[in-house]
Colleague: 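Here's a structure for you.
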Amino acid sequence: MIALPHSTTKGPAALGVDRLCWGPAKGRAIIEDLRFSVHPGEMLAVVGPNGAGKSSLLRCLYRYQRPTSGHVRLDDEDIWSLKPRAVARRVSTVLQEPASDFGLTVAEIVELGLTPHLERFSRRDYRPVEEALALMNLTAFAARDFASLSGGEKQRVMIARALVQKPDLLILDEPTNHLDVRHQLEVLALLSALSTTVIVSLHDLALASAHADRVLVLDKGRQVQLGAPLDVLTPGTIRRTFEVEAAIDSHPATGRPRFSFHLNQTTT
Ligand code: ADP
Ligand code: MG
């Protein structure tokens, strides 16, 4: 278990999602009637095909989009009854498209994660920043201009910034997209070792299965399955949701589930 640089007084958050619906004003519902809870310290992976509603769901969870109906509760409090700053002190996010040019160095970007906590921690306290940079293998990049980094390096900086915020709930939208294989594995291993509650959308079903405590499968805005990875990521569910055939066996070196996919020629 890795404790974050500063633990908050409340500790890992529980999240409750109750009959959650969201869609653009006057538009069709994009997510419909989602009901689940995430336990303190748990890591939940959200998977589903492109357009399933993963990002829309996450935007509701970090209090960016107000539900059309239903509720999102952080430790039993509706997040829309909390002030944005109160949510920012407990929930941090890593979003899909990190802004590319802030004109800041890597260390300055990571330091931004301290902003919600400035009443408690001096801006000159660089220890949490240094710890987060080290966790993300970014120490050598601290003085670099953020804009000069590769996509994967930027992604790791945004994860370091989210860690410095010492969240009780960490929400990440496809954080492994730009990462090479080694950094994908390292980031997922780190996330699952964190003591905090983590909700992460992932494309890679093998990564989700190997690292998450539970997996939520979304399709067309609906909750298809929620449960332990191997109970949920079955060939039948994968066929119905992703429209591919899956073979699942055990990796000879790690014993972890190994997924291989192919198109079902008879259905196309
Ligand atoms: P995912 O992250 O699973 O790929 P998204 O949540 O980004 O899915 O999108 C789900 C669907 O909702 C897509 O069809 C997308 O075009 C649509 N959508 C998302 N946000 C909006 C919006 N603000 N207005 C209209 N449609 C939207
Ligand atoms: Mg998305």
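One-based numbering, in listed order, for ligands and for the atoms of each. In what follows, every heavy atom counts, from backbone to side chain, and hydrogens, waters and symmetry copies are set aside. Quick caveat: nothing in here was measured; it's all calculated off a predicted structure.
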Colleague: Ignoring hydrogens and geometry beyond distance, is a side-chain donor-acceptor pair present between Q225 and D231 at under 3.5 Å?
Modeller: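 No, D231 and Q225 have no side-chain donor paired with an acceptor closer than 3.5 Å.
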Colleague: Check this for me, if you would: do R73 and E77 make a salt bridge, where the nitrogen-to-carboxylate-oxygen distance has to be below 4.0 angstrom?
Modeller: no
Colleague: Consider only side-chain N and O atoms of D173 and S55, and report whether a donor and an acceptor are under 3.5 Å apart.
Modeller: yes
Colleague: Do NZ/NE/NH1/NH2 and the carboxylate oxygens of R90 and D75 come within less than 4.0 Å?
Modeller: yes
Colleague: Exactly one of R222, R19, K220 should register a salt bridge (charged side-chain N to carboxylate O under 4.0 Å, His left out) with E32. Which one does?
Modeller: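 One option only clears the test, and that one is R222.
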Colleague: When you measure from the side chain of S37 to the backbone N and O of G16, does any donor-acceptor pair fall under 3.5 Å?
Modeller: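 No, because the side chain of S37 does not come within donor-acceptor range (under 3.5 Å) of the backbone of G16.
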Colleague: Whether the T139 and E130 side chains hold a donor-acceptor pair (N or O, under 3.5 Å, no angle test) is what I'd like checked.
Modeller: no
Colleague: Among the protein atoms near the Mg ion (ligand 2), how many are N, O or S and lie under 2.8 Å away?
Modeller: 1
Colleague: Salt bridge check, R35 against D33: does any charged N sit closer than 4.0 Å to a carboxylate O?
Modeller: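 Salt bridge: yes.
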Colleague: Find all protein N or O atoms under 3.5 angstrom from an N or O atom of ligand 1 and list the pairs with distances, or write 'none'.
Modeller:
{"unit_1": "ligand 1", "atom_1": "2 (O)", "unit_2": "S55", "atom_2": "N", "d": "2.9"}
{"unit_1": "ligand 1", "atom_1": "2 (O)", "unit_2": "S55", "atom_2": "OG", "d": "2.9"}
{"unit_1": "ligand 1", "atom_1": "3 (O)", "unit_2": "A52", "atom_2": "N", "d": "3.2"}
{"unit_1": "ligand 1", "atom_1": "3 (O)", "unit_2": "G53", "atom_2": "N", "d": "2.9"}
{"unit_1": "ligand 1", "atom_1": "3 (O)", "unit_2": "K54", "atom_2": "N", "d": "2.8"}
{"unit_1": "ligand 1", "atom_1": "3 (O)", "unit_2": "K54", "atom_2": "NZ", "d": "2.8"}
{"unit_1": "ligand 1", "atom_1": "4 (O)", "unit_2": "G51", "atom_2": "N", "d": "2.8"}
{"unit_1": "ligand 1", "atom_1": "6 (O)", "unit_2": "S56", "atom_2": "N", "d": "2.9"}
{"unit_1": "ligand 1", "atom_1": "6 (O)", "unit_2": "S56", "atom_2": "OG", "d": "2.6"}
{"unit_1": "ligand 1", "atom_1": "8 (O)", "unit_2": "G53", "atom_2": "N", "d": "3.2"}

Colleague: On the 0 to 90° scale, with breaks at 30° and 60°, tag the Y62-Y64 ring pair as parallel, tilted or perpendicular.
Modeller: tilted
